[in-house]
Amino acid sequence: MQQPFIIDKTYTKEKFNLNKLNRAEYENCHFIECNFENGMLDNQNFMECTFVDCNLSSTTITNTIFKEVEFKNCKMLGLKFETCNTFLINILFINCNLNFSSFYGLTLKQQKFTDCSLKEVEFANTNLNQAKFENCDLKNANFERTNLEKSNFITSYNFIINPERNKIKKAKFSKENIKGLLYAYDITIE
C-alpha cells in the first residue's frame with residue numbers, strides 16, 4: 001500500500017508523543033515546537049523538511065528516511081541513527097542536543113554539526129570524511145575506527161581522538177584543542 005504524500009504542511013506544537021504522526025511521505029514540511037519524545041517515527045519519509053524547537057528524545061526512527069532534513073534547536077537525546085534508512089541520508093544539525101545518540105557505522109561524508117552538544121555520542125566505525133564540527137561539545141564522544149579525514153574540529157572542544165585508532169589525515173584542529181589528540185599518550189601540555 002502506497003503511503004500518502006504530504007507536501008508544504010506546517011505542524012506547530014503537536015504532541016506526537018501522544019498521537020502518533022501518520023505514516024506518510026513528508027516533503028517540504030515544517031515541524032515547530034512538536035513533541036515526539038519516546039514516540040515512533042518508524043518507516044517515515046522526510047524530504048526537505050525542517051524540525052525547529054522539537055523534542056525527539058528516545059524516539060524510534062527505524063527505517064525512516066531523512067533526505068535534506070534540518071534539525072534546529074532540537075532536543076534529540078539517545079537517537080539511534082544507524083537504525084534509519086541510510087540511503088541518501090542528508091541531515092543538518094544546528095544548535096541541537098544529541099547527547100547519548102549513536103551514528104555507529106554510518107557513512108556521513110561532509111556531515112555538518114553546528115553549535116551542538118554531542119556528549120557521549122557513538123561515532124565508532126563511522127565515515128565522517130570532510131565533516132564539520134563547528135563549536136561542538138564532544139565530551140566522552142566515542143571515536144573508534146572512525147574516518148575523520150579532512151574533518152574540521154577547529155572550534156570544537158572536549159574531544160578525545162586517538163590518532164592510532166582513527167583516520168585523521170588532513171583533519172583540522174586548533175592549537176587550543178590539540179590536547180584531545182594527545183590524551184592517549186598520558187603526557188602533560190603546558
Side-chain angles (χ1 to χ4, degrees), residues 1-118 121-123 125-136 141 146-147 150-152 156:
M1 186 168 110
Q2 180 101 13
Q3 290 185 352
F5 188 72
I6 300 170
I7 188 166
D8 298 328
K9 187 168 181 184
T10 299
Y11 299 86
T12 305
K13 297 187 179 185
E14 297 281 343
K15 295 184 179 181
F16 294 116
N17 58 334
L18 303 176
N19 302 310
K20 187 177 175 183
L21 179 68
N22 291 330
R23 185 166 291 152
E25 294 187 26
Y26 296 89
E27 184 172 330
N28 199 37
C29 290
H30 307 281
F31 299 88
I32 301 167
E33 296 182 45
C34 294
N35 189 354
F36 298 90
E37 187 175 18
N38 294 313
M40 294 181 61
L41 286 178
D42 295 349
N43 300 299
Q44 300 282 21
N45 294 348
F46 298 103
M47 295 161 286
E48 299 176 20
C49 293
T50 58
F51 293 78
V52 179
D53 297 315
C54 292
N55 184 353
L56 293 104
S57 296
S58 300
T59 299
T60 60
I61 53 175
T62 305
N63 297 318
T64 296
I65 294 172
F66 294 109
K67 183 181 177 201
E68 296 182 40
V69 174
E70 179 179 309
F71 293 96
K72 188 172 185 179
N73 304 322
C74 291
K75 184 177 178 183
M76 308 173 76
L77 303 176
L79 291 186
K80 306 291 183 202
F81 286 94
E82 68 268 16
T83 66
C84 70
N85 185 326
T86 59
F87 183 68
L88 300 176
I89 189 170
N90 185 332
I91 307 172
L92 176 63
F93 300 100
I94 300 170
N95 197 37
C96 291
N97 184 340
L98 287 147
N99 296 346
F100 310 106
S101 292
S102 177
F103 295 91
Y104 180 86
L106 294 179
T107 296
L108 298 170
K109 292 181 180 180
Q110 299 179 340
Q111 178 63 50
K112 192 170 183 181
F113 298 93
T114 303
D115 298 316
C116 291
S117 182
L118 297 162
V121 170
E122 181 63 70
F123 288 115
N125 294 316
T126 304
N127 184 346
L128 289 164
N129 185 294
Q130 299 178 54
K132 286 190 177 183
F133 294 88
E134 296 177 350
N135 196 39
C136 293
T146 306
N147 182 350
K150 299 181 184 175
S151 291
N152 188 329
S156 288

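Each residue takes its place number in the sequence, starting with 1. Please read all numbers here as calculations on a predicted model, not as lab measurements.
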**Message:** Within the 3.5 Å criterion, strictly below it, is a donor on Asn55 or Glu37 matched to an acceptor on the partner's side chain?
**Reply:** yes

**Request:** Taking the side chain as every heavy atom from C-beta outward, state whether Tyr11 and Ile6 have any atom pair closer than 4.5 Å.
**Result:** yes

**Complete:** All heavy atoms of Lys72 vs all of Cys96, minimum pair found to be N-SG, 4.0 Å

**Item:** Considering all heavy atoms, the nearest Phe133-Leu118 contact
**Value:** CD2-CD1, 3.9 Å

**Prompt:** Atom OG1 in Thr86, atom CG in Leu106: separation rounded to 0.5 Å?
**Reply:** 6.5 Å

**Prompt:** In terms of the angle between their ring planes, are Phe36 and Phe16 parallel, tilted or perpendicular, with boundaries placed at 30° and 60°?
**Reply:** parallel

**Asked** Sub-3.5 Å donor-acceptor pair from the side chain of Ser58 to the main-chain atoms of Asn38, do we have one?
**Response** no

**Prompt:** Are any of the side-chain heavy atoms of Leu88 and Ile65 separated by less than 4.5 Å?
**Reply:** no

**Item:** Rounded distance (nearest 0.5 Å) linking atom CG of Asn99 with atom NZ of Lys75
**Value:** 10.0 Å

**Item:** Side-chain donor or acceptor of Ser151 paired with backbone N/O of Ala131 under 3.5 Å
**Value:** yes

**Rounded distance [0.5 Å steps], CG in Asn147 versus CG in Leu108** = 11.0 Å

**Request:** Kindly say whether Asn22 contributes a backbone atom to a donor-acceptor pair with the side chain of Gln44 at under 3.5 angstrom?
**Result:** yes

**Min side-chain heavy-atom separation Gln130-Lys109 under 4.5 Å** = no

**Message:** On a heavy-atom basis, which atom in Ile89 and which in Cys84 lie closest, and how many Å separate them?
**Reply:** CD1-SG, 3.8 Å

**Prompt:** With a 3.5 Å cut-off and no angle check, do the side chains of Asn127 and Asn129 form a donor-acceptor pair?
**Reply:** no

**Asked** Roughly how far, to the nearest 0.5 Å, is the CG atom of Asn63 from the CZ atom of Phe87?
**Response** 14.5 Å

**Message:** Can you see whether Asn135 engages Asp115 through a side-chain donor-acceptor pair at a distance of less than 3.5 angstrom?
**Reply:** yes

**Item:** Nearest-0.5 Å distance, CG of residue Asn97 to CG of residue Leu77
**Value:** 4.5 Å

**Short side-chain to backbone donor-acceptor contact, Ser102 and Glu82, under 3.5 Å** = no

**Prompt:** Backbone N or O of Asp8 within a donor-acceptor pair of the Asn28 side chain at under 3.5 Å?
**Reply:** no

**Complete:** Taking every heavy atom of Val69 against every heavy atom of Phe71, the minimum-distance pair comes out as CG1-CE1, 3.7 Å

**Request:** State, yes or no, whether a side-chain contact exists between Ile32 and Thr10 at a heavy-atom distance under 4.5 Å.
**Result:** yes

**Asked** Do the side chains of His30 and Val52 get nearer than 4.5 Å, heavy atoms only?
**Response** no

**Request:** Determine yes or no for a side-chain-to-main-chain donor-acceptor pair under 3.5 angstrom, with Asn45 supplying the side chain and Met47 the backbone.
**Result:** no

**Request:** Identify the heavy atoms of Leu98 and Phe103 that sit nearest to each other, and give their distance.
**Result:** CD2-CZ, 4.5 Å

**Request:** With the side chain counted from C-beta on, respond yes when Leu41 and Leu21 share a heavy-atom pair under 4.5 Å apart, and no when they do not.
**Result:** yes

**Complete:** Nearest heavy-atom contact between Ser156 and Cys136 is OG-N, 3.1 Å

**Request:** Hey, can you tell me if Phe113 and Phe93 have their rings parallel, tilted or perpendicular (30° and 60° cut-offs)?
**Result:** parallel

**Request:** Quickly, which of Phe46, Phe5, Phe66 forms a ring pair (Phe, Tyr, Trp, His ring centres under 6.0 Å) with Tyr26? Name it, please.
**Result:** Phe46

**Prompt:** Between atom CE of Met40 and atom CZ of Arg23, what is the distance when rounded to the nearest 0.5 Å?
**Reply:** 7.0 Å

